[in-house]
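As structure tokens, the structure follows; a few thoughts come after it.
In what follows, every heavy atom counts, from backbone to side chain, and hydrogens, waters and symmetry copies are set aside. Remember, it's a predicted structure, so these values are computed and weren't measured experimentally. Sequence lines set the chain letters: A, B, ... in the order given, protein chains first and strands last, and positions in each chain run from 1.
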There are 6 protein chains.
Amino acid sequence: MEISARNVLEGIVENVEVGAVMASVKIKISPTDIITAVITRESVEKMGIKKDDKVSAVVKSTEVMVAKD
Amino acid sequence: MEISARNVLEGIVENVEVGAVMASVKIKISPTDIITAVITRESVEKMGIKKDDKVSAVVKSTEVMVAKD
Amino acid sequence: MEISARNVLEGIVENVEVGAVMASVKIKISPTDIITAVITRESVEKMGIKKDDKVSAVVKSTEVMVAKD
Amino acid sequence: MEISARNVLEGIVENVEVGAVMASVKIKISPTDIITAVITRESVEKMGIKKDDKVSAVVKSTEVMVAKD
Amino acid sequence: MEISARNVLEGIVENVEVGAVMASVKIKISPTDIITAVITRESVEKMGIKKDDKVSAVVKSTEVMVAKD
Amino acid sequence: MEISARNVLEGIVENVEVGAVMASVKIKISPTDIITAVITRESVEKMGIKKDDKVSAVVKSTEVMVAKD
């Protein structure tokens with residue numbers, strides 16, 4: 001399956017924190033960068049996402065902002 | 001100014017493509033990863049975003065999905 | 001590849017309209033429901049999305065609102 | 001009130017799960033499709049959303065991705 | 001119709017700029033604040049949105065970030 | 001740091017409600033308007049966001065819808 005979202009960053013799950021409805025997944029995409037994804041607890045459970053899994057962080061281009069100093 | 005968005009990835013602008021309302025900005029965040037940001041043409045012009053600028057791609061955590069093979 | 005986005009609706013592309021940066025894709029998911037997806041022109045071209053293609057509309061749960069009369 | 005969001009899918013609430021801040025609402029929009037909406041607990045309470053309610057799932061077009069096999 | 005989106009700000013349309021697919025709508029919500037909404041050209045046309053219209057800017061709470069100096 | 005998000009509304013924090021993963025922050029931007037931001041608990045803690053803080057609500061233009069009576 002190919003998806004239209006332009007941004008797919010491969011990484012390793014560093015940490016999963018689960019609440020009643022939502023969950024936070026920390027994905028290390030490089031030695032210096034960690035991405036935080038907030039998804040449903042249901043997705044974490046159905047996909048069995050856990051520490052050390054090889055996953056990708058996926059972001060639709062319209063959700064990315066640009067900052068400049 | 002500090003912002004609540006958890007994901008701030010530093011990079012260099014590779015390419016800017018401008019339409020009537022929207023613009024696409026390609027940001028190289030590592031030798032292998034390029035992030036596409038779709039922002040308004042107005043933001044590109046007001047911030048003067050152009051090739052080779054040092055910028056950051058900023059993404060709110062709730063906008064990040066997780067994919068797994 | 002499995003993705004954390006909870007909402008995946010299968011349908012047939014009814015129409016594609018392409019601008020300089022963005023494109024609008026109409027997907028018929030049932031005899032009465034058409035979904036509009038606004039994605040980049042680049043995604044439409046790279047994925048070769050065109051009328052009559054079998055595709056899915058994918059939406060992250062945090063992007064869905066609820067309306068009630 | 002008319003809203004610019006292009007995607008309004010009518011359905012019946014199948015399930016509501018409430019956390020401290022967020023809530024998950026499952027909406028059956030066809031015999032085979034269920035949409036998950038993650039909204040605030042506050043919205044669920046103020047709108048009195050509960051099982052068997054007739055509601056609509058509303059999604060802005062820029063939030064819809066396209067997937068293709 | 002009531003919607004779960006928590007943020008509804010009333011204002012007056014100051015300006016509409018239309019591209020091939022997207023449109024930018026500037027809404028004055030107070031003497032000092034103007035909100036920019038980027039919606040589809042199709043929505044602008046179907047709703048007949050034009051300068052001086054009384055409208056509301058609507059934003060889902062999960063789309064709002066917080067910045068602090 | 002300048003950010004591409006077009007909508008920055010200054011206000012005062014009225015209330016912070018914290019869950020396991022997410023938090024709700026109410027920001028009074030005018031005598032009549034309160035904005036609800038749903039961000040991570042982690043951001044609330046790292047930025048030390050609390051009642052009476054001077055903050056801004058920040059929203060990307062593509063996340064704003066338009067409603068009309």
| request: Give, for atom CD of E/Glu2 and atom CG of C/Asp69, the distance between the pair rounded to the nearest 0.5 Å. | output: 10.5 Å
| field | Distance in Å, E/Met1 CE paired with C/Lys68 NZ, rounded so as to fall on 0.5 Å steps | value | 13.5 Å
| Within a reach of under 6.0 Å around CD of E/Glu14, are more than 12 heavy atoms found that belong to other residues, nucleotides or ligands? | yes
| query | Would you say C/Lys51 has more than 12 foreign heavy atoms packed within less than 6.0 Å of its NZ? | reply | yes
| field | Heavy-atom proximity to chain E below 4.5 Å, by part of C/Val66 | value | both
Which pairs of donor and acceptor atoms, one on a side chain in residues 17-27 of chain E, lie under 3.5 Å apart (sequence neighbours left out)?
from    : atom 1 : to      : atom 2 : distance (Å)
E/Glu17 : OE2    : B/Arg41 : NH2    : 2.5
E/Lys26 : NZ     : B/Glu42 : OE1    : 2.6
E/Lys26 : NZ     : B/Glu42 : OE2    : 2.9
E/Lys26 : NZ     : E/Thr36 : OG1    : 2.9

| task | Can you sort out the partners of C/Lys28 under salt bridge (charged side-chain N to carboxylate O under 4.0 Å, His left out), two or more places apart, ordered by chain and number? | result | none
